[in-house]
Protein chains: 2
Amino acid sequence: MEKKLKRMATMHKLQVKGLELFYQNGYYNTSVDDILKSLSLSKGAFYYHFQSKEDFFISIIQSLIVRKVYSTLIEPIEGKENPFLVIDKCFENSLETAEHNEMDYGFILGNFLTEFNRRNETISKYLTDIYKVWEVNLVTILQKGKSDGFVDRHVDSEGVATYLISSYMGVRTLMVQGNCKNLKYNYLQQLRRYFNSLRLKETV
Amino acid sequence: MEKKLKRMATMHKLQVKGLELFYQNGYYNTSVDDILKSLSLSKGAFYYHFQSKEDFFISIIQSLIVRKVYSTLIEPIEGKENPFLVIDKCFENSLETAEHNEMDYGFILGNFLTEFNRRNETISKYLTDIYKVWEVNLVTILQKGKSDGFVDRHVDSEGVATYLISSYMGVRTLMVQGNCKNLKYNYLQQLRRYFNSLRLKETV
DNA sequence: TATTGCACAGACCAAGGGGTCTGTTATTTA
DNA sequence: TAAATAACAGACCCCTTGGTCTGTGCAATA
């Protein structure tokens, strides 16, 4: 029964290193050989476990990228109370992690969306699906925030979700260039200002 | 004297087609041969005018991309009066153009920033410089907006510029996936709401 | 008119790309 | 214990890559 374990271990090693290099250098700028070399594995190993480079990347999306986005951007928000507080905290944590990560190459989902947009429909589909779950999740918490008296009822939840995702993706792209600390600070300040405009005003 | 004209014409043809393909497929996923094939030109022609692929792309940045960003995002704003009106109109126009462009592959500056981030410092530098000019331009008009009584003096102009650029870059990335019309509408609605929170309130 | 040199054409090169195929070895299974 | 099979290793394939180099035609100059 240890064969299955070995299989899983090798596949997982390939996926983790693959994601690392794809994330750092981009998909088209990373060869299968690059991954194999840094793991001291052979072509035989790779094509025994995966049908193609594309198939390999799809498996990475499904097993690693989905999990990453869920754990950092979706689960911290799900089912919570005050949308403003929890989204604020979630974004702040994510930006904080990025800031102190020497190996930050941007928002993983955003980078790959950009790289595959209109260039590989199959992969784009998988990535877009993750984005959509994120969006639905934000819309849900905002709607709940209305019932709970946090969010102004006149606010368009979908619009807010779009605006939040857009700004987050953008600032993550900018942060790679450096000056992260300032960018993070500025971004969060304005995010809070924006949130204030959505808040349910006390009727005097 | 028609030799110099021919030289310019060929170089320009190469740059225009080069930008088109780099923009569509990405830099690393577009070969020099791809460009030459679609123009029925030879290697000789290319390497007579440009030292390398990288040198070629830098020339494209300096001659075409700079001009594009300037004409669509910088000049329409420069020296104008009401920041909110003019930025709103500028972004709306840009998104409108993108929406009705069948060949939209995203925000050109954002895409290349993502592709070269930390992967090619030389090229990144050229791209970042453009971004910085854009940012300075936004900050300037916001500051002027304070003196002119449009913008609340407590507002942090740099923060606002960061937030504006981030959200614009993000929404342009999302728009490639489709559903442009809705994304554009949602984005502009929230942008206006955000602007309202920056406006100088009449002291009652 | 002869000659120079610009603006290419296109063969060529080594390196690297994704992918195939035939071993080989250690572990299961019969 | 023998046979079967899973899990690789690595040579090999053909195509594409960025880049070089020699050749060539045509306009500019003398």
Side-chain angles (χ1 to χ4, degrees), chain A residues 1-61 63 112 115-116 119-123, chain B residues 1-61 63 112 115-116 119-123:
Chain A
M1 274 297 106
E2 81 179 33
K3 284 237 166 152
K4 283 197 175 173
L5 284 177
K6 192 163 171 46
R7 178 189 177 85
M8 297 284 285
T10 304
M11 287 184 72
H12 193 251
K13 253 168 47 182
L14 281 166
Q15 290 170 329
V16 169
K17 178 61 75 176
L19 177 57
E20 181 187 329
L21 295 186
F22 286 145
Y23 173 58
Q24 280 178 30
N25 313 314
Y27 177 82
Y28 293 113
N29 200 27
T30 304
S31 70
V32 175
D33 275 332
D34 290 339
I35 302 165
L36 294 172
K37 214 169 287 173
S38 77
L39 285 177
S40 298
L41 281 173
S42 68
K43 280 280 172 77
F46 185 87
Y47 285 97
Y48 176 74
H49 292 292
F50 305 99
Q51 288 179 20
S52 65
K53 190 187 179 187
E54 178 174 327
D55 173 68
F56 174 57
F57 188 74
I58 292 176
S59 83
I60 290 181
I61 299 179
S63 60
F112 288 130
E115 186 166 12
F116 293 109
R119 288 158 200 166
N120 184 318
E121 295 292 337
T122 311
I123 294 184
Chain B
M1 276 296 107
E2 81 181 32
K3 284 236 167 157
K4 284 197 175 174
L5 285 178
K6 191 163 171 51
R7 178 188 177 86
M8 298 283 285
T10 304
M11 287 184 71
H12 193 251
K13 251 167 50 181
L14 280 167
Q15 290 171 328
V16 169
K17 178 60 75 176
L19 177 57
E20 182 188 329
L21 295 186
F22 286 144
Y23 173 57
Q24 280 178 29
N25 313 314
Y27 176 83
Y28 293 114
N29 200 25
T30 303
S31 70
V32 175
D33 276 332
D34 290 339
I35 301 165
L36 294 171
K37 214 169 288 174
S38 77
L39 285 176
S40 298
L41 283 173
S42 67
K43 280 277 172 77
F46 185 88
Y47 285 96
Y48 176 75
H49 292 291
F50 305 99
Q51 288 178 21
S52 65
K53 190 187 178 185
E54 178 174 326
D55 173 69
F56 174 58
F57 188 74
I58 291 175
S59 83
I60 290 180
I61 298 179
S63 60
F112 289 131
E115 186 165 13
F116 293 111
R119 289 158 200 166
N120 184 318
E121 295 292 337
T122 311
I123 293 183

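Values in this document were obtained by computation on a predicted structure and should not be read as measured data. Quick note on labels: first sequence line is chain A, next is B, and so on, each numbered from 1.
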Just the rounded figure in Å: distance from [atom2] of [N] to [atom1] of [X].
X        : N       : atom1 : atom2 : result
Met11(B) : dA7(C)  : CE    : P     : 10 Å
Lys6(A)  : dA6(D)  : NZ    : C1'   : 10 Å
Leu39(A) : dA9(D)  : CG    : P     : 10 Å
Asn29(B) : dT17(D) : CG    : C1'   : 12 Å

- Under 4.0 angstrom between Thr10(B) side-chain N/O and dC8(C) OP1 or OP2: yes
- Any side chain to side chain donor-acceptor pair (under 3.5 Å) involving residues 23-40 of chain A? Give me the pairs, sequence neighbours left out, ordered by first then second residue. Tyr23(A)-Asp104(A), Ser31(A)-Asp34(A)
- Identify the two heavy atoms, one from Phe50(A) and one from Ser59(A), that lie closest to each other, and give their separation to 0.1 Å. CE2-OG, 3.5 Å
- Closest non-hydrogen contact found for Leu39(B) with Lys13(B) is CD1-O, 3.7 Å
- Message: Which label fits Phe56(A) and Phe46(A): parallel for a plane angle under 30°, tilted from 30 to 60°, or perpendicular past 60°?
- Response: perpendicular
- Parallel, tilted or perpendicular for Phe57(A) and Phe116(A), by the 30°/60° rule? tilted
- State the CD1-CD1 distance between Ile60(A) and Ile123(A), to the nearest 0.5 angstrom. 9.5 Å
- Among Leu36(B), Val32(B), Leu19(B), which one satisfies side-chain contact (heavy atoms from CB on, under 4.5 Å) with Leu14(B)? Leu36(B)
- Query: Out of dA7(D), dG17(C), dC8(D), which has the shortest distance to the side chain of Leu41(A)?
  - Reply: dC8(D)
Atom pairs, N/O to N/O, protein against nucleotides 10-16 of chain D, distance under 3.5 Å?
{"unit_1": "dG10(D)", "atom_1": "O6", "unit_2": "Gly44(A)", "atom_2": "N", "d": "3.1"}

- Go through residues 46-61 of chain B and report each residue with a non-hydrogen atom lying under 4.0 Å from DNA chain C, sorted by number. Tyr48(B), His49(B)
